[in-house]
Structures are given as C-alpha cells and as structure tokens.
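These numbers come from a predicted model, not from an experiment. Only heavy atoms go into these numbers, but all of them, side chains included; no hydrogens, no water, no symmetry mates. In what follows, chains are A, B, ... by sequence order, proteins preceding strands, each numbered from 1.
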Protein chains: 2
Amino acid sequence: MANDRSHNYSIKQLSAEFDVTPRTLRYYEDQGLLSPERRGQQRIYNAADRIRLAWILRGRRVGFSLAEIGEMLDLYDLGDGRETQRAVTLNRCKERIKALEAQREDINATLTELQGFASLISNLTRDHETGKWIHAETGEPVAHFGP
Amino acid sequence: MANDRSHNYSIKQLSAEFDVTPRTLRYYEDQGLLSPERRGQQRIYNAADRIRLAWILRGRRVGFSLAEIGEMLDLYDLGDGRETQRAVTLNRCKERIKALEAQREDINATLTELQGFASLISNLTRDHETGKWIHAETGEPVAHFGP
DNA sequence: TAGATAGTTTACGTTAACGTCAACGTCAAG
DNA sequence: CTTGACGTTGACGTTAACGTAAACTATCTA
C-alpha cells in the first residue's frame, strides 16, 4: 500500500502537541490506554493513537480516573461483539452518561453561586458615613455574604 | 439567647448524612476547610458548617482539589474587605468561572460522543448471511466504530 | 462499678498519576 | 570516532486525600 504512514508522530512530537511529558505517554501505554507501534525500540504513534490520546486527556479533565478512561475506551472495542457483551457495554455506557449529567448539574450549581457572588462583589462599595459595605446601586446594606 | 443550638450535629451524624467518614471531616478541618466548635474535646458542627461541607463535597465532585476549594471558600471571606483584596477576589472568581465553563464544554463533548455511541450500539444487529454488524433499521453495514 | 458507645490524637500505610534520575541504545553530522 | 539529539527501560521519589490501627478519654447505661 502506498501511504504506509498517513501520519505518524514521535513521542516528543505528540507530547509537545498535547502539552504532556513523554513520561505521561509511556505511563498511559503502561496502563494499556495506548499501544503505539514500534520501529525498533522507538514508539511510533499514528492518527488513531492521537485521537485516543485526545480522548484520554479530555476524560482526565472531566475527572475520570485512568482506569475509568480505560474502561470507556474498551467500550468501543466490541471485538468479536457477542450479544451479552454488547448489552454490558450499553449499560456501562449509560452509567457513564448518567454520571456526566450529574456532574454537569454540579457544575451548573457551582457556576450559579460563583456568578452570583461575582456580581455581588462587583456591585459592592463602602458607605461614606458608616463605612459598611452597601450595594452600589440600591444602597442597601450587605449584612454578611457567604455560602 | 434562647436558641443557642438552632441545629447542631455530631461528627458521626454529619459524616453519615453526607456519606463520608469522620476521618474525612477531621482531615478537612486539618486543612482549614472546616472549623467546628468544641464542647470539651468533641466537635460540634452547626448549620453553617453543614453548608460549607456541602460546598466542599460539590467542589470535590467537579474535580477541584481541596486547596482550590479552600481558596474558593476564602473568596467569600472578604474579611475586612479592603479594596485591592476585593479586586483580587473578583478576578480569582472569574478565573474559576472560566475553568468551570471550559470543563462543562468538555463534559458536553464527551456526552455527545457517548450518547452517539450508545445509540449506535443499541441500533446494531448481526446480518443473517454475512454475520457482520449492520444497522438494525437501515441495514447499512458498520465498518469500524470507535473514537 | 464495669462495659458499651462515641469521640479524640498520633502516626504510619496506601493509591493514583505521574516526576526524576541513572544507565544504556542508536543514528546522522562534524 | 565521538558527540549530541532522541529515545529506551527500570527504579525510586512525591503529592493529595484519605484509610487504618493504637492508645486514650468521657459519658451513658445496666
């Protein structure tokens, strides 16, 4: 076949692109999350490895452990694709979706509070006479803010 | 004052309610995230402590470190509330908001992929003749799915 | 008075996700 | 040939967030 190397990367290229260390890529390989080919000793990553890595890092950013990420990647490998295995995969998948949706709700709640707090303190000023905090527009006093 | 203890909790009560161990609560206190009163030796948590704990745990669920959570809680303690300090607080607050919004986007992206994958495999079946995976409705073959 | 129960401090153990360092291989350039 | 640049495999170190066990205290109950 003509394009034997449609797009390949060295470990340093890939680690630089995603701003992780080579050590991290080797570690992920150790954990079975990546399995680049070898040219002699050296690891040679292809486009699929690159996409997997992006997946891994995004999973990491949303708080999954490497083990969980590994599981999720495995979901995609139905392999021979037996029926029972497919059902298990689907359930696992739905669990993950539930967890992510719950987490998104947590994020929304936290955002709401932070945004409320931010707008509060940006509308805050000192009363000239009493020295206490008041709302800049309404002039209302702010007793005690906090969670 | 009459209601000296509007609502208080022992360490075991609080830990049971939030499904964490007493050890965890002591650890959070060690890190300065909680500071319940003492009756003699024993810790006695009030309603405010309870709310702080809920905050802490939610922060933990969305992936913040305890140090970051501590910072965020400190944001609420403007204390004497000097002007410069208030500006710093506001900036930190906005940074956190940015980070959370980015994380929410990561979650949305992951959800989209997982949901697409889930619907794919739930619409999947075997072709009677070829034995290959095909779409149950359209009958179209599925070459290779994965990230 | 003696457990039983609930709490305390102190201190060492554990796991995940790498960082860091040492010792070595390999290959093109000077 | 040797000097880098780039890579490799161990192997040990590190940090965060608790777990766990030991030894002790205080209070309530039988």
How close do A:L73 and A:L33 get, counting heavy atoms only, and between which atoms? CD1-O, 4.1 Å
Just the rounded figure in Å: distance from P of C:dA11 to OH of B:Y27. 17 Å
Is the number of heavy atoms from other residues, nucleotides or ligands under 6.0 Å of A:D30 CG greater than 12? yes
For A:S10, side chain to side chain donor-acceptor pair (under 3.5 Å) partners two or more places apart: none
On a heavy-atom basis, the closest approach of B:R86 and A:I121 is NH1-O, 2.6 Å
ring-ring contact (aromatic ring centres under 6.0 Å, His included) partners of A:Y9, counting only residues at least two apart: A:H7
Specify the residues of residues 59-68 of chain A, ordered by number, for which at least one heavy atom lies under 4.0 angstrom from an atom of DNA chain D. none
Specify the separation, in whole Å, of atom CG of A:L53 and atom C1' of C:dC18. 15 Å
With the threshold set at 4.0 Å, does a side-chain nitrogen-carboxylate oxygen contact exist between A:E105 and B:R61? no
Could you check how far CG of A:L14 sits from C1' of D:dC6, rounded to whole Å? 15 Å
So, OP1 or OP2 of D:dC18: does either fall under 4.0 Å of a side-chain N or O from B:Y28? yes
Distance under 6.0 Å and angle within 45° of ring axis: A:R52 vs A:W55: no
Does A:T24 have a side-chain nitrogen or oxygen under 4.0 Å from the phosphate oxygens OP1 or OP2 of C:dG19? yes
Atom pairs, protein N/O to nucleotides 6-8 of chain C N/O, distance under 3.5 Å:
residue	atom	partner	partner atom	Å
C:dG7	OP1	B:S10	OG	3.0
C:dT8	OP1	B:R43	N	2.8
C:dT8	OP1	B:R43	NH1	2.9
C:dT8	OP2	B:R26	NE	3.2
C:dT8	OP2	B:R26	NH2	2.9
C:dT8	O5'	B:R43	NH1	3.1

Considering only NZ, NE, NH1 and NH2 on the basic side and carboxylate oxygens on the acidic side, decide whether B:E29 and B:R23 come within less than 4.0 Å. no
For C:dG19 and A:T21 - does any side-chain N or O of the residue sit under 4.0 Å from the phosphate oxygens OP1/OP2? yes
Please state how far atom CG in A:D30 lies from atom C1' in D:dG10, giving the value in whole angstrom units. 11 Å
What is the distance, to the nearest angstrom, from the OH atom on A:Y9 to the P atom on D:dG7? 15 Å
Within the sub-3.5 Å range, which N or O atoms of nucleotides 20-24 of chain C have a protein N or O partner, and how far apart are they?
residue	atom	partner	partner atom	Å
C:dT20	O4	A:R23	NE	3.4

A:R58 and B:E113 ion-paired at < 4.0 Å: yes
Rounded to whole Å, CG of B:L34 lies from P of D:dC18 at a distance of 12 Å
Run the numbers on A:T24 and A:T21 for side chain to side chain donor-acceptor pair (under 3.5 Å), then give the verdict. CA-CA 5 Å; A:T24 298; A:T21 69; 3.1 Å; yes
For B:R26, the side chain to side chain contact (heavy atoms under 4.5 Å, CB included) test, sequence neighbours excluded, returns B:I11, B:P22, B:R43
